[in-house]
**Q** 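Got a structure here, written out as structure tokens. Questions coming.
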Amino acid sequence: MRLTLAILILPTAFKICYHLASFKSYKYLIMNSPFADAQTLIPGGVNSPVRAFQAVGGEPLYIQGAQGAYLTDHLHRQFIDYVGGFGPMILGHSHPKVVQAIQDAAAIGLTYGTCNPLEITMARLVKQLMPSIEMLRMVNSGTEAAMTAVRLARGATKRNKLIKFTGCYHGHCDALLVAAGSGATTLGVPSSPGIPSATTEDTLTVPFNDIKAVKALFSQFPKDIAAVLLEPICGNMGLILPEKGFLNELQALCQQHDSLLVFDEVMTGFRVALGGAQSLFNIKPDITVLGKIIGGGLPVGAIGGRADLMQQLAPSGPIYQAGTLSGNHLTLAAGTTTLALCQDASPQLYAQLSDYTHQLTAGMRQAADRHNIPLQTAAVGGMFGFYFSEKPVTNYVEACKSDQALFRDFFQAMLAQGVYFPPSAFEACFVSQAHGQEELRHTLDAVNQAFASLQA
Ligand code: KE4
């Protein structure tokens, strides 16, 4: 009797145990999203906070392929991509010559821990495209490049204070994670816990476009400011352009007080023009921070500038900086190929990118007017931004007053129509050489549909 009972019960008992044990995978399958799994393994389920969709709701996309202007997610849905990796993909995803360059580089080794010829190719190419850069040091992220720029500026001037602008984002190094934009603002931590006040007490913040506030700091600290660090065009609180003369006045103040002007062109470099924002405004910063496009999609950062300053970096000078994978030849193969293709396609490429961003933002404004939706837009070269705001946005405080709920609803309405914008109002949007009239038409149709559904 007992044996019979056992034989009957055991298989069922086993099945129940099996399914309980594998429930997580069921949940995974039921939810049809890797995100549930990721959240048990990765903080917030993401490797960079802004991807988490916390500002727009829903779950982040899990991309399993990208080609040209399009992303394809794990559910085989296609999206016109206006994130582009947050800037690097200016030629579109999986450009055959860039992919080939990476494959060729990988075939001759992955990393050497010593020098390779492409380091010279990259430095020479960047110097040619950005003449303010007389020497270049490769690193592995924009954060690392900005951190190095701060150390170099402080070491070279023997001063500690820095001026940065509220809402500008220069990566997450301690000294600069103060009143920062991008993901820091998106998640409400513009000045993060875990950073000793001693580390940030010399980081002075003022509103972007407020030259009076900068002058006041120089009056207060005439001989203590090592550098003024900024995104010359702000791409980490939406997209905000410098007001006429602002950059020139900053440069004059730096020269007057023997401080250094540092342009963070991680995002704008080779994006808004072949020579970056500094070529648009004809300004020669003392130091430039780079990233994104110069890696062609692979991990990268770089710092460049006046030779007398750069020579102070180890080993030619005492200011230490280093990196195991700095100047990795796969990154340089992707980056030099990307830059060379941008150079060869210029000036037509940047005219094309600018035409696209201006046509798109003009179409967005027309649709917003038709549907009585308050919209401000900005476009420069291959990047654009928009705010749901009655008034123009010229700084961080005004950006924060824009309608975040409307942004969230618009984002989701566009996503449902196969258009992927950055999942935060505190980001800029990016187009590529692969975005054409078909993508423009589809996007503007989707904008019209979205605004009709959101109409005030
Ligand atoms: P990375 O350390 O993320 O490579 O670069 C930092 C950085 C520095 N300077 C500027 C002007 C930047 O825009 C960035 C990084 N940009 C953000 C997008 N707004 C990266 C996206 C993310 O954090 O996931």
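In each ligand, atom 1 is the first atom listed, and ligand 1 is the first ligand listed.
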**Q** Output side-chain donor-acceptor pairs under 3.5 Å for residues 292-309, partner residues at least two apart or in another chain, one line each.
**A**
residue	atom	partner	partner atom	Å
K292	NZ	F86	O	3.0
R306	NE	D308	OD1	2.9
R306	NH1	D286	OD1	3.1
R306	NH2	D308	OD1	3.4
R306	NH2	D308	OD2	2.5

**Q** Just list the side-chain donor-acceptor pairs under 3.5 Å for residues 231-242, sequence neighbours left out, or say none.
**A**
residue	atom	partner	partner atom	Å
E231	OE1	G235	N	2.8
E231	OE1	N236	ND2	3.1
E231	OE2	Y169	N	2.8
E231	OE2	N236	ND2	3.2

**Q** What do the steps show when you test V83 against F421 for side chain to side chain contact (heavy atoms under 4.5 Å, CB included), and what is the final call?
**A** CA-CA 6 Å; V83 178; F421 281 124; 5.9 Å; no
**Q** Please tabulate, for side-chain N and O atoms in residues 187-195, each donor-acceptor pair with protein atoms closer than 3.5 Å (sequence neighbours left out).
**A**
residue	atom	partner	partner atom	Å
S191	OG	A179	N	3.0

**Q** Could you give the distance from CG (L229) to CG (L162), rounded to the nearest 0.5 Å?
**A** 7.0 Å
**Q** On the 0 to 90° scale, with breaks at 30° and 60°, tag the F407-F386 ring pair as parallel, tilted or perpendicular.
**A**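 Ring orientation, 0 to 90° scale: parallel.
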**Q** Measure from every N or O atom of ligand 1 to the protein's N or O atoms and keep only the pairs below 3.5 Å, writing each with atom names and distance to 0.1 Å.
**A**
residue	atom	partner	partner atom	Å
ligand 1	2 (O)	G142	N	3.4
ligand 1	2 (O)	T143	N	2.9
ligand 1	2 (O)	T143	OG1	2.7
ligand 1	4 (O)	G142	N	3.0
ligand 1	9 (N)	Y169	O	3.3
ligand 1	9 (N)	D264	OD1	3.3
ligand 1	9 (N)	D264	OD2	2.7
ligand 1	13 (O)	N236	ND2	3.0
ligand 1	16 (N)	K292	NZ	3.0
ligand 1	19 (N)	S182	OG	3.2
ligand 1	19 (N)	N236	OD1	2.4
ligand 1	19 (N)	E427	OE1	2.5
ligand 1	23 (O)	S48	OG	3.3
ligand 1	24 (O)	S48	OG	2.6

